[in-house]
Amino acid sequence: MSISSEHKPLGKQVTSSLHMLSPIVELNVGGEMYTTTLSTLKKHPGSKLAEMFTGQPKLRTDSEGRFFIDRPGTYFKYILEYLRSNQVPTQCIQDVYKEALFYDIEPLIKQLEDSPQIFGELVARRQFLARVPNYSENIELMIRIARAEAVASRQSSVIVCVVRTEEDAARCQDALNSLDMDKKSVVKFGPWKAVPSISDLLDCIQMDVEAKGYKISFQPHVAEKGFRFKSHDFFYRFLFTWW
């Protein structure tokens with residue numbers, strides 16, 4: 001006699017309950033299999049990871065009865081190693097940091113934020129970029145312009161105007177008015193009040209566009225002869241290569 005569908009959910013509930021009663025826990029994290037103890041997973045009671053295994057099961061199980069977490073399994077081994085031995089990872093720092101934030105493991109988050117990689121990104125670079133008006137919006141605008149000009153082309157370019165001071169912004173506007181081009185297609189960055197230079201900002205632009213999967217390079221954009229300002233003081237051509 002076949003088992004009715006009404007009994008199937010009960011079977012899964014029993015399987016889950018048996019897992020929770022056992023001090024040994026089997027996990028499927030994004031397709032990567034791990035075996036650990038319940039006490040290890042609950043080492044930091046206030047974390048999201050601990051809450052997953054507190055009280056009634058809050059996770060689905062896979063076909064083998066392992067608890068399933070829909071996150072990148074590759075980096076979970078570093079999370080698990082920290083829970084087991086308090087060892088802070090020295091590899092894949094940026095990715096492990098994202099996972100530590102997801103699982104809300106506060107001690108690991110704080111220790112990773114003290115690492116040179118995360119400290120430099122959060123405290124130095126991001127704090128600088130926060131002082132550059134509309135930085136993120138301008139990155140997206142650059143990409144939209146480049147994509148719009150990529151039809152039947154191997155490369156497309158975007159002209160960027162970078163100004164560090166209010167005085168340069170005024171001079172740049174005069175220069176822009178003299179340029180023989182569609183001024184709407186020029187993306188302007190700045191001014192800003194911070195130590196980093198124009199070269200630093202250009203590197204940040206390239207870094208953040210490449211982080212989105214694009215292949216780009218840049219160089220000073222030199223306007224026609226007779227231009228009354230040195231155009232390369234303000235204007236740069238970013239070249240997107242598509243294939």
Side-chain angles (χ1 to χ4, degrees), residues 25-55 57-62 66-143 189 192-197 199-216:
V25 180
E26 292 186 350
L27 301 173
N28 177 345
V29 185
E32 298 281 343
M33 310 308 166
Y34 293 94
T35 302
T36 186
T37 65
L38 194 59
S39 60
T40 295
L41 295 171
K42 297 170 66 175
K43 184 173 181 179
H44 297 285
S47 69
K48 181 177 179 180
L49 183 62
E51 291 178 358
M52 290 178 181
F53 297 92
T54 301
K58 299 177 177 65
L59 295 170
R60 293 173 292 173
T61 55
D62 65 12
R66 293 173 292 232
F67 287 107
F68 179 72
I69 302 177
D70 194 13
R71 294 294 295 181
T74 304
Y75 310 115
F76 188 74
K77 64 181 179 182
Y78 300 109
I79 300 292
L80 203 53
E81 185 59 34
Y82 176 78
L83 295 175
R84 288 168 172 163
S85 61
N86 290 322
Q87 181 176 334
V88 179
T90 57
Q91 302 178 38
C92 308
I93 300 297
Q94 298 281 356
D95 294 304
V96 176
Y97 179 66
K98 292 177 185 177
E99 297 310 297
L101 289 173
F102 173 78
Y103 294 114
D104 195 22
I105 304 173
E106 192 65 29
L108 178 56
I109 292 171
K110 290 181 178 179
Q111 290 183 71
L112 288 173
E113 287 178 348
D114 284 337
S115 69
Q117 298 94 323
I118 303 298
F119 179 87
E121 175 67 18
L122 294 180
V123 177
R125 200 177 84 91
R126 287 194 190 178
Q127 287 298 316
F128 159 53
L129 295 178
R131 301 183 185 189
V132 180
N134 304 313
Y135 177 81
S136 297
E137 293 84 349
N138 284 338
I139 293 291
E140 296 300 328
L141 178 57
M142 284 180 63
I143 292 171
F189 286 86
W192 64 87
K193 294 181 179 179
V195 173
S197 65
S199 177
D200 294 325
L201 180 64
L202 291 169
D203 287 341
C204 286
I205 293 172
Q206 182 173 15
M207 184 186 306
D208 289 329
V209 173
E210 287 181 339
K212 295 179 180 292
Y214 297 91
K215 182 180 179 180
I216 65 166

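In the model, Ser136 has no side-chain atom that pairs as donor or acceptor with a side-chain atom of Glu140 under 3.5 Å. Defined by atom type and a distance below 3.5 Å, a donor-acceptor pair is present between the side-chain atoms of Ser39 and Thr37.
At a threshold of 4.0 Å, the pair Asp203-Arg125 does not count as salt-bridged, since none of the basic side-chain nitrogens sits closer than that to a carboxylate oxygen.
At least one side-chain heavy atom of Leu49 sits less than 4.5 Å from a side-chain heavy atom of Leu83.
Between the side chain of Gln206 and the main chain of Ile216, a donor-acceptor pair closer than 3.5 Å is present.
Arg71 and Lys98 make their closest contact through NH2-O, 4.2 Å (heavy atoms, listed as atom of the first residue, atom of the second, distance). Contact record, Thr35 with Arg84: O-NH2, 3.0 Å, taken as the closest heavy-atom pair. Here the closest heavy-atom approach between residue Phe53 and residue Leu27 is recorded as CZ-CD2, 3.5 Å. When all heavy atoms of Leu108 and Ala100 are compared, the pair lying nearest together is CD2-CB, 3.9 Å. The two residues Tyr34 and Thr74 have their closest heavy-atom pair at OH-O, 4.2 Å.
Partner Tyr82 forms a side chain to side chain donor-acceptor pair (under 3.5 Å) with one of Lys77, Gln111, His44, Lys43 and no other, that one being Gln111.
Remark: Gln87 CD to Leu80 CG distance equals 12.0 Å, nearest 0.5 Å.
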